[in-house]
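I have placed the structure first, in the form of structure tokens, so that the comments after it can refer back to it.
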Number of protein chains: 2
Amino acid sequence: MGLTLSESKEKILNVALGLSSKFGLVNLSIGELAKVVGMSKSGLFGHFKSKEALQKMVLDFAAHHFVNTVIKPALKKERGIPRLEAIVDNWITWSLEVHIGGCPIVTAAIEFDDRPGVLRDHVQFLKTEMIKGFEKTTRIAVIEGHLDNDLDCEQFVFELYSFMIGFHIYGRLMNEEMAKEKFKKSFKGLISRHEAKGWTT
Amino acid sequence: MGLTLSESKEKILNVALGLSSKFGLVNLSIGELAKVVGMSKSGLFGHFKSKEALQKMVLDFAAHHFVNTVIKPALKKERGIPRLEAIVDNWITWSLEVHIGGCPIVTAAIEFDDRPGVLRDHVQFLKTEMIKGFEKTTRIAVIEGHLDNDLDCEQFVFELYSFMIGFHIYGRLMNEEMAKEKFKKSFKGLISRHEAKGWTT
DNA sequence: TTAATTATAGCACGATCGTTCGTATTTGAG
DNA sequence: CTCAAATACGAACGATCGTGCTATAATTAA
């Protein structure tokens, strides 16, 4: 949890997340945001002391939403490959349906590549946390005996994460169902390539 | 060679490509660009009839540069896997050294994901051309007997392209050498997984 | 109930945005 | 040489940007 917001702030951040998923966090305009939310520019601005603070809160809001929608439900699944698969499924769904602009953290990651500052640091922190989470889930799958004992978990996650972003990019390029199929095929291959002998889904 | 530019225009586009690689094509500001180039805002503007036209030319300039730096030199290599490897090598080098902001087309692709208009269409066109090029090179590797005869070339390129973008993202997250190692390991795995029996590099 | 804090609004600021206009300067073709 | 086209400039446009200041409601605390 760790995130309690006033009603207004929540509404604002919801809209802001949608806008910045589509048009980028850098180009998130307070005036435009206020117009969409339906309140005055200065009234909205009062909730955050600066634009940077707003952007930072949008990032945290996105991360919070990500954890709640993608990670938490998956934790109810059994440890190991089932949980990993649940995370991937939820991530795809989240990317496709919840935020039409695709994973906002991926977008922000590329936006802030070369913009030193608080926001880049924060994006990198969130991204690192995300990857560390994936690595942990992968290690659990190894411990459970689902994946090969000598698996290079970091490398595994690199490939998994790459396929996810590949899906993200391909989805805009072509039919999204085709991109989804491509991703699923690659993901399946990745799993089966490292599946421990004697364990099958 | 399909792209003849006046001296000024070339200088402008060079700077514009650098700036937009770092800060995004959307946020490319004509005033700022003029300041860096060292000419007046209106003088620079006169070369392009609109900002959109400028952005479009920057994209074409990037694509042109990509072909010249990444693709063309690789075409001198032997058909098949060597050529594929050369493309990948050049792409990495290009991403790392030439444009510090990473492949500008990847950046633009994510920027314009959900911004309908001429520019998104153009980015998608360039991206599609790029992927079709990779697929062609891959098919040649099959024909040459380097890769499995029943290889799903589209899937192969999806994974290759994903690893490239993964490298792009990981590179900002951690030591770039580590990201490069991760990419190379994945790429090597991808190749060896589909290498035709009886052929080795 | 009163006092204090918070939420929102209106207005204005300096800065920058993309763009236009009018005007010099340079260049190239006849 | 002449004249038109191309190139570059400064100034200014309306719009929007992020951000303050001030005032008025609404909510909460004492």
Given atom [atom1] of [X] and atom [atom2] of [N], what is their separation to the nearest angstrom?
{"X": "A:M39", "N": "C:dA9", "atom1": "CE", "atom2": "C1'", "answer": "9 Å"}
{"X": "A:E7", "N": "D:dT28", "atom1": "CD", "atom2": "P", "answer": "11 Å"}
{"X": "B:F45", "N": "C:dT19", "atom1": "CZ", "atom2": "P", "answer": "4 Å"}
{"X": "B:K51", "N": "C:dG18", "atom1": "NZ", "atom2": "P", "answer": "4 Å"}
{"X": "A:L44", "N": "D:dG18", "atom1": "CG", "atom2": "P", "answer": "11 Å"}
{"X": "A:I12", "N": "C:dA7", "atom1": "CD1", "atom2": "C1'", "answer": "10 Å"}
{"X": "B:F48", "N": "C:dT19", "atom1": "CZ", "atom2": "P", "answer": "12 Å"}
{"X": "B:K9", "N": "D:dA8", "atom1": "NZ", "atom2": "C1'", "answer": "14 Å"}

Tell me which of A:S50 and A:K35 sits closer to the 5' end of DNA chain D, going by the nucleotide each one is nearest to.
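Counting from the 5' end, the first nearest nucleotide belongs to A:K35.
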Examine C:dT6: is either OP1 or OP2 under 4.0 Å from a nitrogen or oxygen in the side chain of A:H47? Give yes or no.
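Indeed not, no polar side-chain atom of A:H47 lies that close.
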Sugar-phosphate, base or nothing in reach of [X], heavy atoms under 4.0 Å:
{"X": "A:L33", "answer": "nothing"}
{"X": "A:L28", "answer": "sugar-phosphate"}
{"X": "B:S29", "answer": "sugar-phosphate"}
{"X": "B:S8", "answer": "sugar-phosphate"}

To check you understand the geometry: which heavy-atom pair defines the closest contact between B:Y170 and A:Y161, and what is its length?
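For B:Y170 and A:Y161, the tightest heavy-atom pair comes out as CE1-CD2, 3.7 Å.
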Report the C-alpha separation of B:F163 and A:F163 in whole Å, then their side-chain angles, then the decisive distance to 0.1 Å, and conclude whether the ring-ring contact (aromatic ring centres under 6.0 Å, His included) test is met.
CA-CA 7 Å; B:F163 292 154; A:F163 292 153; 5.3 Å; yes
From the set D:dG18, D:dG10, D:dC21, return the single nucleotide nearest to any side-chain atom of A:S42.
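Of D:dG18, D:dG10, D:dC21, D:dC21 is nearest to the side chain of A:S42.
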Of the listed C:dG10, D:dA8, C:dA7, the closest approach to the A:S40 side chain comes from C:dG10
Look up atom CG in A:D121 and atom CG in A:L126, then write down how far apart they are to the nearest 0.5 Å.
11.0 Å
Is it true that A:K197 and A:D148 make a salt bridge, defined as a side-chain N closer than 4.0 Å to a carboxylate O?
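Salt bridge between A:K197 and A:D148, a charged N being under 4.0 Å from a carboxylate O: yes.
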Salt bridge or not between B:D152 and A:K185? Use side-chain N to carboxylate O under 4.0 Å.
yes
B:K41 (side chain) and D:dG10 (base): donor-acceptor pair under 3.5 Å:
no
